[in-house]
Amino acid sequence: MRGLCLAMLTFTRFASLPSCDRGPQRAAWERGTCSSPGLMRARGCGNRASPMMCHCQRRGAQVILGRDSHLHVYEHGGVAQVAGVHSQALPDLPDGTFDLELLELTIREAHGNRYHPRPELVCLENTHSSAGGRVLPLAYLQQVRGLADRYGLQVHMDGARLMNAAVAQNVEPARITQHCDSVSLCFSKGLGAPAGAVLAGRRDFVAEAWRMRKLLGGGMRQAGVLAAAALVGLEHMGVKLRRDHDNAWRFAEGIQELNLPLCSVNLMAVETNIVMVNISGGCPSPAELCEHLRAVSEEELAKTGHAVSVLLFPWSAHTMRAVWHCDVSARDTELTKKKLEFVARKYQEKLTLGLWPTPPSVGGA
């Protein structure tokens, strides 16, 4: 809060003032390229369209990305609608990577073929959200870089949770991003800022991205306040993110130890601050279970002595997603585990009796 109060206001169209410049510049330094400060935006959405438009300047160019990547699934087809770029989606492996042989085959088949869209960009997501916050191995990034160089492609990293990857691998962020031509970073996820994202790359790329930002939504007033919060997040990220990772692991380990018939977790897949909770069978659905976790019943208050409302997200037909951030403590994590145990056991009891549990009517606290 103190950083926000002391921040100077500025307008991103004009010359930067201290806080507005230091946040993106620090992020660019973390990326390993100090030739130009990163480009500040209010949120990460524009940071996903802008790189496509900068790297793929010919309409109908092709970007290769993951079938389950955020860019492919959750951006309303903006790559095609806004950038005029054709997407070639490859299957994501469970750890968030591509099969490298398939990647090269895909590039090679289109490379030099007059009938195919011309591949110009490979997009990676690190950490990979749909894979449960998996961290892309450094050796894999190096191999992708080698393939891209061999066929003349650029590499962009959707690094919304890049700092989680760096902390998990115990390396400087530049060790990760050295294999990329550009990278985006979100300040409002694990770093805990109220808003803000940055797009970083070489000087000519950032200059072109500035133009794309103007095209997609123009400059941003009061950017200094957001940049100040981003700077605080960057300066204190190590301790906060490690705590988030530890809490996520403690929760996942606790679920496994409970050995509940209803819920399970693949501990090998828990690498950062995201835990995917698998729901066995078709009853209840993840959405129904999430509703029970959110609500608090009189029975729960009587039996546990706690009024705990837990917000998980029904990710897929058989999966809930739990995400840790700087406002979730170790005690919150323990209460969440106990709440899940209580709800799961109540479900199991009623299912055994042939009863269908209904959402509690008492509001949570």
### Query
With a 4.5 Å limit on heavy-atom distance, are the side chains of L216 and M53 in contact?
yes

### Summary
Taking every heavy atom of C186 against every heavy atom of S188, the minimum-distance pair comes out as SG-OG, 3.2 Å

### Summary
Nearest heavy-atom contact between P94 and A131 is O-CB, 3.5 Å

### Message
With heavy-atom distances below 4.5 Å as the criterion, would you say the side chains of V122 and F98 are in contact?
### Response
yes

### Query
Mind checking whether I176 and M157 have side chains closer than 4.5 Å, heavy atoms only?
yes

## Note on the structure
When rounded to the nearest 0.5 Å, the distance separating CZ of R59 from NE2 of H86 is 13.0 Å

### Query
Under 4.5 Å between any side-chain heavy atoms of Q169 and L138, yes or no?
yes

### Task
Tell me, with the steps shown, if V265 and Q256 meet side-chain contact (heavy atoms from CB on, under 4.5 Å).
CA-CA 6 Å; V265 170; Q256 189 180 62; 5.7 Å; no

### Task
On the 0 to 90° scale, with breaks at 30° and 60°, tag the H55-H156 ring pair as parallel, tilted or perpendicular.
tilted

### Task
Please say whether more than 12 non-hydrogen atoms of neighbouring residues, nucleotides or ligands are located less than 6.0 Å from CG in N113.
yes

### Query
Quick one: does Y140's side chain get under 4.5 Å of L124's, heavy atoms only?
yes

### Message
For K339, is there an ion pair with E300 - N to carboxylate O distance below 4.0 angstrom?
### Response
yes

### Task
Could you tell me whether a side-chain N or O of E271 sits under 3.5 Å from a main-chain N or O of V135, the two making a donor and an acceptor?
yes

### Query
Going by the salt bridge (charged side-chain N to carboxylate O under 4.0 Å, His left out) test, which pairs reach into residues 183-198, not counting sequence neighbours?
none

### Query
salt bridge (Lys or Arg N to Asp or Glu O under 4.0 Å) with R242: which residues, sequence neighbours excluded?
none

### Message
With clusters defined by side-chain heavy atoms of hydrophobic residues (ILVMFWY) lying less than 4.5 Å apart, directly or transitively, does F342 cluster with L260?
### Response
no

#### Entry: In one Ile/Leu/Val/Met/Phe/Trp/Tyr side-chain cluster, 4.5 Å: L289, I274
no

### Query
Between CG of D68 and NE2 of H128, what distance do you get to the nearest 0.5 Å?
6.0 Å

### Query
When hydrophobic residues are tied together by side-chain contacts of less than 4.5 Å, even through go-betweens, does L102 share a cluster with L147?
yes

### Query
Please walk me through it: do D181 and R202 pass side-chain contact (heavy atoms from CB on, under 4.5 Å)?
CA-CA 7 Å; D181 296 287; R202 297 182 179 86; 3.0 Å; yes

### Whichever hydrophobic residues join L121 through chains of side-chain contacts under 4.5 Å
M52, V63, L65, L71, V79, V85

### Task
Mark yes or no for whether S280, through its side chain, and P261, through its backbone, hold a donor-acceptor pair below 3.5 Å.
yes

### Message
Using modelled atom types and a 3.5 Å cut-off, is there a donor and acceptor pairing between side-chain atoms of S87 and backbone atoms of A89?
### Response
no

### Query
Should V310 and V323 be regarded as members of a common hydrophobic cluster, given that ILVMFWY residues are connected when their side-chain heavy atoms come within less than 4.5 Å of each other, either directly or indirectly?
no

### Main-chain N/O of E288 paired to S285 side chain as donor or acceptor, under 3.5 Å
yes

### Query
Under the salt bridge (Lys or Arg N to Asp or Glu O under 4.0 Å) test, which residues partner R250, sequence neighbours left out?
none

#### Entry: Pairs where residues 252-263 contributes a residue and the test salt bridge (charged side-chain N to carboxylate O under 4.0 Å, His left out) is met, not counting sequence neighbours
none

### Query
Going by atom types only, do E75 and H70 share a side-chain donor-acceptor pair under 3.5 Å?
yes

### Message
Please check this pair: side chain of D92 against backbone of R67, looking for a donor-acceptor N/O pair closer than 3.5 Å.
### Response
yes

#### Entry: Distance, nearest 0.5 Å, that separates SG of C54 from CH2 of W210
12.5 Å

### Residues forming a salt bridge (Lys or Arg N to Asp or Glu O under 4.0 Å) with K338, sequence neighbours excluded
none

### Task
Go through the side-chain N and O atoms of Q81 and H76 and say whether any donor and acceptor fall under 3.5 Å apart.
yes

### Query
Quick one: salt bridge (Lys or Arg N to Asp or Glu O under 4.0 Å) partners of R150, sequence neighbours excluded?
E104

### Over 12 foreign heavy atoms within 6.0 Å of CZ, R118
no

### Query
Among the clusters formed by ILVMFWY side chains lying less than 4.5 Å apart, do V277 and L258 turn up in the same one?
no

### Query
What's the shortest heavy-atom distance between C263 and I279, and which atoms?
SG-CD1, 4.1 Å

### Message
Would you say CZ of R211 has more than 12 non-hydrogen atoms from neighbouring residues, nucleotides or ligands within 6.0 angstrom?
### Response
no

### Query
Which distance, rounded to the nearest 0.5 Å, do you find between the CG of L191 and the CD of E235?
11.5 Å

### Task
Search all heavy atoms of L262 against all heavy atoms of P284 and return the closest pair with its distance.
CD1-CD, 3.3 Å

### Task
Identify, with sequence neighbours excluded, every residue that meets ring-ring contact (aromatic ring centres under 6.0 Å, His included) alongside F251.
W324

### Pair listing, salt bridge (charged side-chain N to carboxylate O under 4.0 Å, His left out) test, anchored in residues 311-335, at least two apart
E334-K337

### Task
List the steps, then state whether side-chain contact (heavy atoms from CB on, under 4.5 Å) holds for L185 with L234.
CA-CA 11 Å; L185 168 67; L234 287 168; 4.3 Å; yes

### ILVMFWY clustering at 4.5 Å (side-chain atoms), partners of L105
none

### Message
Tell me the closest heavy-atom pair linking A317 and P286, and the distance in Å.
### Response
O-CD, 3.2 Å

### Query
Any Lys/Arg nitrogen of K240 or D244 sitting under 4.0 Å from an Asp/Glu carboxylate oxygen of the other?
no

### Task
Step by step, work out the side-chain contact (heavy atoms from CB on, under 4.5 Å) result for E208 and Q57.
CA-CA 11 Å; E208 185 64 19; Q57 297 191 349; 3.7 Å; yes

### Message
Quick one about N164 and H245 (side-chain donor to acceptor, distance below 3.5 Å, no hydrogens or angles considered), yes or no?
### Response
yes

### Task
Answer yes or no: is there a side-chain heavy-atom contact under 4.5 Å between L311 and R294?
yes

### Query
Do the non-hydrogen side-chain atoms of P137 and T97 ever get within less than 4.5 Å of each other?
yes

### Message
Main chain of R175, side chain of Q178: is a donor-acceptor contact present, judged purely on distance under 3.5 Å?
### Response
yes

#### Entry: Residues which pass ring-ring contact (aromatic ring centres under 6.0 Å, His included) with H236, listed by chain and number, not counting sequence neighbours
none

### Query
How long is the gap from CD on E341 to OG1 on T336, to the nearest 0.5 Å?
13.0 Å

### Task
Give, for atom CG of L153 and atom CD of Q62, the distance between the pair rounded to the nearest 0.5 Å.
8.5 Å

### Task
Determine the minimum heavy-atom distance between S184 and L199, stating which atoms define it.
CB-CD1, 4.1 Å

### Task
Return yes when atom CD of Q142 has more than 12 non-hydrogen atoms of other residues, nucleotides or ligands closer than 6.0 Å, and no otherwise.
no

### Query
Do the side chains of W249 and L267 get nearer than 4.5 Å, heavy atoms only?
yes

### Residues clustered with M276, ILVMFWY side-chain links under 4.5 angstrom
V73, Y74, F313, W315

